[in-house]
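Taking it in order: structure first as structure tokens, then the write-up.
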Amino acid sequence: MIDIKVIREEPDRVKKACADKGMTVDIDHLLSIDARRRELETEFNELRHQQRQAGEKIAKAPKEEKAVLSKEMGPIRDRIKAVEEERASVDAELHELMLRVPQVPHDDAPVGHGDESNVELRKVGEPRRKGDFGFEFKDHLALGESLGLFDFERGVKLAGSRNYVLCGAGAMLHEAVLRLAWDIMLRRDFVPLTVPVLVNERLMVGTGFFPLHRDEVYLAERDNQCLVGTAEVPVTGLHCDEILSEDELPKLYVARSTCFRREAGAAGRDTRGLYRVHFMDKLEQVVLCKADPEESAKWHEIILLNSEDVLQALELPYRVVEVCTGEMGQGKYRMYDIETWMPSRESYSETHSASSFHDFQARRLNLRYRTSPPVAAAGSRTAGKTGRKVKSEIHFCHTLNNTVIASPRILIPLVETNQNADGSVSIPQALRPYMQGMERIEAPAS
RNA sequence: GGAGAGGUGGCCGAGCGGCUUAAGGCGCCGGUCUUGAAAACCGGUGACGCGCAAGCGUCCGGGGGUUCGAAUCCCUCCCUCUCCGCCA
């Protein structure tokens, strides 16, 4: 949600944002609904005022007059009812439209509608192509087969396509990357959380996934709840409907969750392997900070670097791209992806996504903070007397998030990059403590 | 799952159809007094909407109803607590 005042005052800017993000919202219609809503609001206020004054009069009037006066209020009552009804429907329509209006992106965000418009910011590490290995390259499916790391057939038997079972060293590796990432984030003073993964629909609207991406989410309709596709949902929503105090910001959180994705729009795409699956485990970092563009930009950089540190610890080559307006999604102000080199795909492929929303999510979640009034100069006893009254203000927070690690997708580059001529897979140093000291994964003796 | 009790401002808590523009207390802020502080006393202290403003209105868990008028009565949903049952 954006501030409706921005739409009233700068409709063209909002229309441009719609065009740049490839979205269609009838801004002019929205504005006419908004105007009607304000008319009704004013009429309602006046009518209620009359009614309350009349009520006071009736209460004080002698008994015999009460009936007469009461009767006179009939038409007012009826009119209020009519206005209330129209207001309710106008409110609902306006709200529906507002939920579809995009955040206006940062001026420097690249404008465009496809991956090719994304801008590469930096590359770290040396990518290895299939031919660079000096022996016959195996993709993660082949390695998984020979080393017994993954069981796709049984995954499908249990739960249909895009499901899998991680086995033995495969399951250990999955757990190891998550635990390594967890420890890295704890060292950066992010507060660890465990959160519900089956949440109220309200949170999906609040974080911006609904109504536009409802298809991509598993619904538990009997209970009006949904399975989250990321811990971003419960963590960003943690303080919804609260007014935090400025001095407790920023809130830095990290949470692991299983993430459920229907992949409705991706039928037939990436159907083999661990790349696009219906469930995964992901460690997500979330920042709630004050509504200062410089402050949130700073945190955006920090959460990006946190994730790069994890990839560097894993010794995986990656690049960072700034995502263009057409790819960034409705609520985002600015977005960076980290793409990790995947030898079998012969490309950098998305493994992380760092987003800044400004107050888009906070408005929907009713997530606010109160500014702390400036402290009076030390020793000035009369400061309160002479100084004018400084009022604290209430603002919507800025929210940001980034993947710390998502597995099993990250296992693709991990096993492919570290394979050896003998078919074994070496385990990067940083993971060994989480792998019972194991240095390499070898085919089970059978 | 069964039975009962509740959900009121930052917190506690009164109110159970119209002097409530929500009592009272705690907390917080400002002031008086004081070298400073504490105590005491005085004053202030919510959110949201409309309006240039004065101001007006909305909000007593959510929604609906009764009424000239609802925190207060009725219906319904949600949540919390207590006891019982079940259970990792």
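Chain letters run A, B, ... following the sequence lines, proteins first, then strands; residues in each count from 1.
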(request) Consider the side chain of Arg370(A), meaning its heavy atoms from C-beta on, and name the nucleotide among rG57(B), rC68(B), rA47(B) that approaches it most closely. (result) rA47(B)

(message) What is the separation between atom CD on Glu41(A) and atom P on rG57(B), rounded to the nearest whole Å?
(response) 12 Å

(request) Would you mind pulling out the nucleotide paired to rC87(B), Watson-Crick or G-U wobble, both distances under 3.5 Å? (result) none

(message) Using a 6.0 Å distance limit plus a 45 degree cone around the ring axis, check whether Arg87(A) lies over the aromatic ring of Phe44(A).
(response) yes

(message) Roughly how many Å apart are rA22(B) and rG46(B), using the C1' atom of each and rounding to a whole number?
(response) 12 Å

(request) State plainly whether the residues Lys282(A) and Glu284(A) are in salt-bridge range, i.e. N to O under 4.0 Å. (result) yes

(message) Against the six-membered ring of Phe209(A), is Arg214(A) placed for a cation-pi contact (under 6.0 Å from the centre, within 45° of the normal)?
(response) no

(message) Could you check whether atom CD of Glu248(A) has more than 12 heavy atoms from other residues, nucleotides or ligands sitting under 6.0 Å from it?
(response) yes

(request) Could you please name the option among rG46(B), rC50(B), rG57(B) that lies closest to any side-chain atom of Arg37(A)? (result) rC50(B)

(message) Quick check for you: among rU66(B), rC48(B), rG49(B), whose closest atom lies nearest to any side-chain atom of Lys81(A)?
(response) rU66(B)

(request) Give Arg8(A) one of three labels, base, sugar-phosphate or nothing, depending on what nucleic acid heavy atoms sit under 4.0 Å from its own. (result) sugar-phosphate

(message) Need one value for Arg368(A): base, sugar-phosphate or nothing, where a base atom within 4.0 Å counts as base even if backbone is also close, heavy atoms only.
(response) sugar-phosphate

(request) Measure from the side chain of Arg48(A), starting at C-beta and using heavy atoms only, and say which of rG69(B), rU58(B), rG49(B) lies closest. (result) rU58(B)

(request) Would you indicate which nucleotide in rC48(B), rU66(B), rU58(B) comes nearest to any side-chain atom of Phe44(A)? (result) rU58(B)

(message) Using the P atom as the point on both nucleotides, what is the distance between rG10(B) and rA47(B), in whole Å?
(response) 9 Å

(request) Provide the Watson-Crick or G-U wobble partner of rG6(B), both distances under 3.5 Å; none if there is no partner. (result) rC79(B)

(message) Suppose you measure atom P in rU20(B) against the same atom in rG24(B); what distance do you get, rounded to whole Å?
(response) 11 Å

(message) Closest-nucleotide mapping onto RNA chain B: is Gly74(A) or Ile243(A) further toward the 5' terminus? I mean the 5' end.
(response) Ile243(A)

(request) Report the distance from atom CD of Gln51(A) to atom C1' of rA70(B), rounded to the nearest whole Å. (result) 11 Å

(message) When the P atoms of rG63(B) and rC68(B) are compared, how many Å lie between them, rounded to an integer?
(response) 23 Å

(message) Need one value for Arg87(A): base, sugar-phosphate or nothing, where a base atom within 4.0 Å counts as base even if backbone is also close, heavy atoms only.
(response) nothing

(request) Anything under 30° is parallel, anything over 60° is perpendicular, the rest tilted; go ahead and classify Tyr218(A) against Phe260(A). (result) perpendicular

(message) Distance check, P atoms only: rA5(B) and rC56(B), in whole angstrom units.
(response) 42 Å

(message) With a 3.5 Å limit on both atom pairs, tell me what rC59(B) is paired to, counting Watson-Crick and G-U wobble, or say none.
(response) rG46(B)

(request) Scan every strand shown for a Watson-Crick or G-U wobble partner of rA40(B), both distances under 3.5 Å, and answer none if you come up empty. (result) rU32(B)

(request) Spell out protein contact along nucleotides 71-78 of chain B as letters: B when the base is contacted, S when just the sugar-phosphate is, - when no protein heavy atom is under 4.0 Å; keep the 5' to 3' order. (result) --------

(request) Would you kindly give the CZ-to-P distance between Arg79(A) and rG69(B), to the nearest whole Å? (result) 16 Å

(request) Give the nucleotide from the list rG46(B), rG57(B), rC50(B) with an atom nearest to the side chain of Arg38(A). (result) rC50(B)

(request) Please find out if less than 6.0 Å separates the ring center of Tyr336(A) from that of His300(A). (result) yes

(request) Measure from the side chain of Arg77(A), starting at C-beta and using heavy atoms only, and say which of rG69(B), rC48(B), rG57(B) lies closest. (result) rG69(B)

(message) Between rA71(B) and rA37(B), how many Å separate the two C1' atoms, rounded to a whole number?
(response) 43 Å

(message) Between P on rA47(B) and NE2 on His395(A), what's the gap in Å once rounded to a whole number?
(response) 12 Å

(request) Inspect the contact between Asp183(A) and Arg187(A) and indicate whether a charged nitrogen and a carboxylate oxygen are less than 4.0 angstrom apart. (result) no

(message) Whole angstroms only, please: what is the CG-C1' distance between Asp223(A) and rC79(B)?
(response) 15 Å

(request) Taking atom P in both rC60(B) and rU21(B), compute the distance separating them and give it to the nearest angstrom. (result) 14 Å

(message) Partner lookup for rC16(B), please. Criteria are Watson-Crick or G-U wobble with both distances under 3.5 angstrom; report none if nothing qualifies.
(response) none

(request) Looking at every strand, decide which applies to Glu46(A) at a 4.0 Å heavy-atom threshold: base, sugar-phosphate, or nothing. (result) nothing

(request) Identify the nucleotide, in any strand shown, that forms a Watson-Crick or G-U wobble pair with rU21(B), with both distances under 3.5 Å; if there is none, say none. (result) none

(message) When both hydrogen-bonding distances must be under 3.5 Å and the geometry is Watson-Crick or G-U wobble, what is rU72(B) paired with, if anything?
(response) none

(message) Check this one for me: any side-chain N or O of Arg52(A) less than 4.0 Å away from OP1 or OP2 of rG69(B)?
(response) no

(request) Tell which nucleotide pairs with rU67(B), taking only Watson-Crick or G-U wobble pairs whose two distances are both under 3.5 angstrom. (result) none

(message) Categorize Ile76(A) for me: base, sugar-phosphate, or nothing, with a 4.0 angstrom heavy-atom threshold over every strand shown.
(response) nothing

(request) Figure out the CG/C1' separation between Asp91(A) and rG57(B), and round it to whole Å. (result) 14 Å

(request) Inspect the contact between Arg368(A) and Glu242(A) and indicate whether a charged nitrogen and a carboxylate oxygen are less than 4.0 angstrom apart. (result) no

(request) Could you measure between the two P atoms, the one in rG61(B) and the one in rU80(B), and give it in whole Å? (result) 16 Å

(request) Kindly indicate whether the side chain of Glu93(A), heavy atoms from C-beta on, has any atom under 4.5 Å from the side chain of Val90(A). (result) no

(message) Aromatic contact between Phe396(A) and Tyr369(A), with the criterion being ring centroids under 6.0 Å apart: yes or no?
(response) no

(request) Ignoring backbone atoms, test whether His49(A) places a side-chain nitrogen or oxygen under 4.0 Å from the OP1 or OP2 oxygen of rG57(B). (result) yes

(message) Using the side-chain heavy atoms of Asn45(A), tell me which of these nucleotides is nearest: rG57(B), rC68(B), rA47(B).
(response) rG57(B)

